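Each chain gets a letter, A, B and so on, in the order its sequence line appears, and its residues count up from 1. Remember, predicted model here, so these are calculated numbers, not experimental data.
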Amino acid sequence: MKKIAMFALVSALLAGTAHAQDKVTITVAAFPSLDTSIKAVLPAWNKLHPNITIKLVAQEFADHHNAMTTALATGQGLPDVMAVEIGYVGKFAEGKGLEDLNKAPYSAEQYKKLFTPFTVAQATSADKRFIAMPTDIGPGTLLYRKDVLDKAGVDPAQLNKSWESYLAAGKVIKAKTGASLINTAQSIYGVVSRTNLKAGEGIYFDSKNNLLVGPDNARFLRAFTLAKQVRTEGLDAKIGEWSNEWYDAFKKGTVASQFSGAWLTGSLESYMAPDTKGLWRVENLPEGGYASWGGSFYAIPTAAKNKQWAWEFIKFMTMDKSQQLAAFTINGAFPALLTAQNDNIFSQGVPFLGNQKARVLWRDAARKTQPIDVNKYDSVADQIVNTELTNVLEQGKDIKQALTDARTQILRRAR
Amino acid sequence: MQERVPLPTSRPRRRWSYDRFQQRAAPYMFVSPFFILFLIFGLFPLGFSLFLAFHLWNPLDGLGNWQYVGWDNFKLALGAPDQFWVSLKITVWIGLLSGVPQHLIALPLAFVINQSLRRWQSGISTILFLPYITNAVAITIVFGMLYSENLGLLNYALSVVGLGPVRWLAQPDLVPVSVAVVVFWRYVGWNVILYLSGLQAISEDVYEAATVDGASKVQKFFYITLPLLKPMMFYAFTLTIVGNMQLFEEPFIMVGQAGGSGGAALTSAMHIFNVAFRDLDMGYGSAMAWLLFLAIFVLSMINNYLFSRGGGRQ
């Protein structure tokens with residue numbers, strides 16, 4: 001209580017000085033390509049607040065999060081506004097170094113309904129602190145090459161009716177065109193393991209910290225079995241993501257489909273395969289699965305110096321419709337703000353996708369995506385399960401044995 | 001009295017203190033930057049990591065929010081199915097794959113350069129030394145392109161001879177080999193330089209005497225060069241052991257943080273980094289770092305023992 005009173009006092013003083021037209025600089029730490037979104041809206045901010053300078057500190061993705069981890073551990077060198085990516089937001093939420101935005105003077109409870117529901121849950125800790133405001137999201141969809149499917153005579157609806165029909169389509173595509181169905185069998189595991197989760201379940205742990213991985217869990221069994229099937233039938237190209245082969249496959253159309261967030265379309269268009277414009281389409285994930293692929297948030301460290309302006313800036317980035325749309329059009333950052341998603345731009349076709357009205361599809365996918373519980377041992381579980389999956393795919397390890405071993409190993413580490 | 005007192009006390013004191021400063025304090029001041037830096041960046045982290053090895057600490061909880069767990073972190077790492085053992089095995093395997101050929105090739109190569117190619121020695125040394133000083137990121141990117149499955153030069157060369165594409169950086173049992181090749185290539189020149197400097201410390205007289213006695217080149221190598229080179233070999237072996245056991249950047253950049261397909265090139269140093277900075281389990285990471293130190297220490301001691309038993313090192 002004392003702290004809040006103190007803070008209110010400091011805020012009031014700060015506000016007072018601001019009115020006196022004093023110059024204030026706030027530091028915003030971000031990673032690529034979120035920094036592009038920030039740069040895109042800076043002119044508008046400067047016009048609105050000419051005395052509040054934004055100092056943008058952008059580091060590489062991993063460097064940024066490592067630097068923020070160190071800063072939070074020691075309380076030194078913290079920015080006023082901290083960008084956090086989805087892969088880290090769960091961990092940062094469980095720590096104690098970020099402001100709880102539910103509390104005054106932020107009182108963010110009132111704003112939560114403005115955002116895509118699942119993304120608010122992602123930034124909420126187990127003890128219900130709300131540590132970051134969502135800015136962009138990555139609705140998951142299935143991207144496919146229309147020309148390859150046409151050549152193989154495969155109906156696109158067959159790709160997402162069920163996993164069985166997806167694999168069957170893959171066999172036809174492989175036989176008629178020689179193209180692989182998917183880059184790697186691991187991707188199948190990735191989608192199956194993170195879709196159709198029951199309420200209160202995370203990918204690896206449930207909300208009560210019980211480990212879900214094991215030979216008796218239907219979701220993991222199915223994910224492993226389907227991945228194995230894809231590999232045995234020779235339907236995957238055995239190509240890792242973010243490799244030269246991956247980009248090459250996009251350019252040449254040697255891989256027919258790819259699961260990803262909406263942002264991949266932008267990456268394909270800008271640098272991965274700009275010449276394939278018009279050849280791609282998107283549709284929902286198989287079996288009515290909805291998942292999110294990425295997302296970014298803004299948080300305020302408890303030890304930040306200019307919390308008041310940090311909060312103003314965050315509100316400007318996340319709740320101002322025109323700024324959300326600017327980040328979307330310039331940087332392809334899919335808005336987390338619902339009103340931004342209702343803009344006219346969403347009913348327009350996407351030229352890269354042959355003018356398909358993909359944004360509506362992404363929007364629906366985002367709204368149907370259920371919140372997934374995060375756990376601080378997710379990264380431990382993720383690595384262990386993926387290693388076991390490789391053992392199954394590459395060395396013919398028995399699936400049930402692999403899941404049993406994974407379970408044993410995760411339980412040891414999740415203390 | 002009052003007039004005489006200030007003079008003798010004030011003047012000598014000033015001169016005395018300056019001298020004292022010059023003689024006693026100044027040297028310490030001049031060497032202090034090293035000690036201050038060593039204290040901050042050397043000794044403190046060392047002590048802190050030893051402290052953390054006995055605690056459970058998530059850095060995001062901030063300093064002070066640690067929980068004493070005794071030997072739990074060590075027990076966890078040494079437990080049978082733990083990734084620490086797997087990563088140690090991978091590290092040793094890559095270390096052997098890259099380290100043994102390094103010395104088997106560097107030693108004869110240095111001998112040949114020293115014997116027959118003296119005129120071009122400086123040029124050759126420079127070329128051999130280049131990989132050692134080249135940026136690891138640049139190296140791994142270039143090798144990444146060579147190893148590339150569909151677009152790489154290596155597989156192109158194989159396809160010319162009619163052999164199928166090899167998944168250099170994807171097939172779990174091939175990944176350590178691919179990484180070892182890069183490590184070998186990077187440090188072989190460094191070892192040649194070490195051996196060359198060792199060879200040049202051997203007096204020509206010994207070789208001349210041997211020539212007079214009718215010794216062949218091979219005999220000279222095995223009976224003169226090798227025994228006299230033992231101290232340098234000990235030094236080079238030790239450096240290889242220490243360096244290879246801490247292997248990090250080459251596999252990290254080549255196959256990624258997770259160690260590539262199924263973690264096939266996840267070395268101990270990478271695993272420790274992941275545990276500490278990705279999983280944010282600083283205590284467990286620190287405990288493993290100390291265990292890795294212990295492993296390096298034991299291997300160095302074995303190396304030491306083997307050399308001293310051979311009589312090459314006093």
Side-chain angles (χ1 to χ4, degrees), chain A residues 62 65-66 68-76 87-88 91-98 131 184 186 237-249 252 254 302-303 376-384 386-395 397 405-406 408-409 412-415, chain B residues 56-67 69 72-73 75-77 79-84 86 141 144-145 147-152 155 165 167 169-175 252 254-264 266 271 273-284:
Chain A
H65 289 98
N66 281 343
M68 292 305 114
T69 305
T70 316
L72 285 170
T74 57
Q76 299 296 313
Y88 292 82
K91 291 179 202 174
F92 281 27
E94 296 312 321
K96 306 276 180 278
L98 298 173
I131 60 103
T184 169
Q186 265 102 344
K238 300 180 183 174
I239 292 172
E241 273 144 33
W242 308 108
S243 63
N244 287 330
E245 277 85 2
W246 201 44
Y247 305 154
D248 190 58
K252 294 182 182 152
T254 50
T302 311
K376 64 174 172 172
Y377 290 108
D378 275 343
S379 62
V380 173
D382 191 62
Q383 170 157 12
I384 290 172
N386 269 301
T387 303
E388 287 300 332
L389 177 62
T390 312
N391 290 340
V392 169
L393 296 178
E394 299 280 349
Q395 270 136 20
K397 188 169 177 175
D405 292 352
T408 319
Q409 289 178 57
R412 290 185 74 250
R413 287 285 307 281
R415 298 178 283 172
Chain B
L56 193 59
W57 183 51
N58 179 338
L60 294 173
D61 292 343
L63 292 172
N65 291 319
W66 33 60
Q67 180 197 338
V69 291
D72 276 11
N73 289 326
K75 283 184 204 154
L76 185 63
D82 198 79
Q83 182 69 38
F84 178 68
V86 181
I141 288 173
M145 287 158 98
Y147 284 135
S148 175
E149 196 182 325
N150 302 325
L151 318 157
N155 278 348
R167 297 162 61 215
L169 291 176
Q171 202 178 314
D173 47 353
L174 264 181
V175 181
F252 190 84
M254 279 173 85
V255 294
Q257 182 169 13
S261 181
L266 186 77
H271 180 51
F273 175 82
N274 285 346
V275 165
F277 293 97
R278 187 198 59 199
D279 307 339
L280 300 177
D281 195 344
M282 290 287 166
Y284 181 43

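Chain B forms the most heavy-atom pairs under 4.5 Å with one residue out of Lys91(A), Gln395(A), Gln409(A), and that residue is Lys91(A). Most heavy-atom pairs under 4.5 Å with chain A, from the set Pro59(B), Gly144(B), Gly259(B): that is Pro59(B). Across Asp72(B), Asn58(B), Asp82(B), the residue that shares the most heavy-atom pairs under 4.5 angstrom with chain A is Asp82(B). Ranking Asp61(B), Leu63(B), Leu76(B) against chain A, the residue ahead of the rest is Leu76(B), based on heavy-atom pairs under 4.5 Å. Here Ser261(B) is the residue among Ala258(B), Ser261(B), Gly263(B) with the most heavy-atom pairs under 4.5 Å with chain A. Ranked by non-hydrogen atom pairs under 4.5 Å with chain B, the options Ser379(A), Gly240(A), Ala62(A) are led by Ser379(A).
For Leu169(B), no part lies under 4.5 angstrom from a heavy atom of chain A. Only the side chain of Glu394(A) comes within contact range of chain B, with at least one heavy atom under 4.5 Å from a heavy atom of that chain. Both the backbone and the side chain of Asn244(A) come within less than 4.5 Å of a heavy atom in chain B. For Glu388(A), no part lies near chain B; criterion is any non-hydrogen pair under 4.5 Å.
In this structure, Ala264(B) and Pro172(B) approach most closely via the heavy-atom pair CB-O, 3.3 Å. Heavy atoms only, all atoms of each residue included: Asn65(B) and Trp57(B) are closest at O-CD1, 3.4 Å. When all heavy atoms are compared, the tightest approach of Leu151(B) to Lys252(A) is CD2-NZ, 4.2 Å. Minimum heavy-atom separation, Gly97(A) to Leu72(A): O-CD2, 3.7 Å.
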**OP:** With side chain to side chain contact (heavy atoms under 4.5 Å, CB included) as the test, would you mind laying out the steps for Arg413(A) and Asp279(B) before giving the verdict?
**Re:** CA-CA 10 Å; Arg413(A) 287 285 307 281; Asp279(B) 307 339; 3.1 Å; yes
**OP:** Might you work through the side-chain hydrogen bond (donor to acceptor under 3.5 Å, both in side chains) test for Gln257(B) and Asn274(B), ending with a clear yes or no?
**Re:** CA-CA 7 Å; Gln257(B) 182 169 13; Asn274(B) 285 346; 3.0 Å; yes
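A distance of 15.5 Å separates OH of Tyr377(A) from CG of Asp382(A), quoted to the nearest 0.5 Å.
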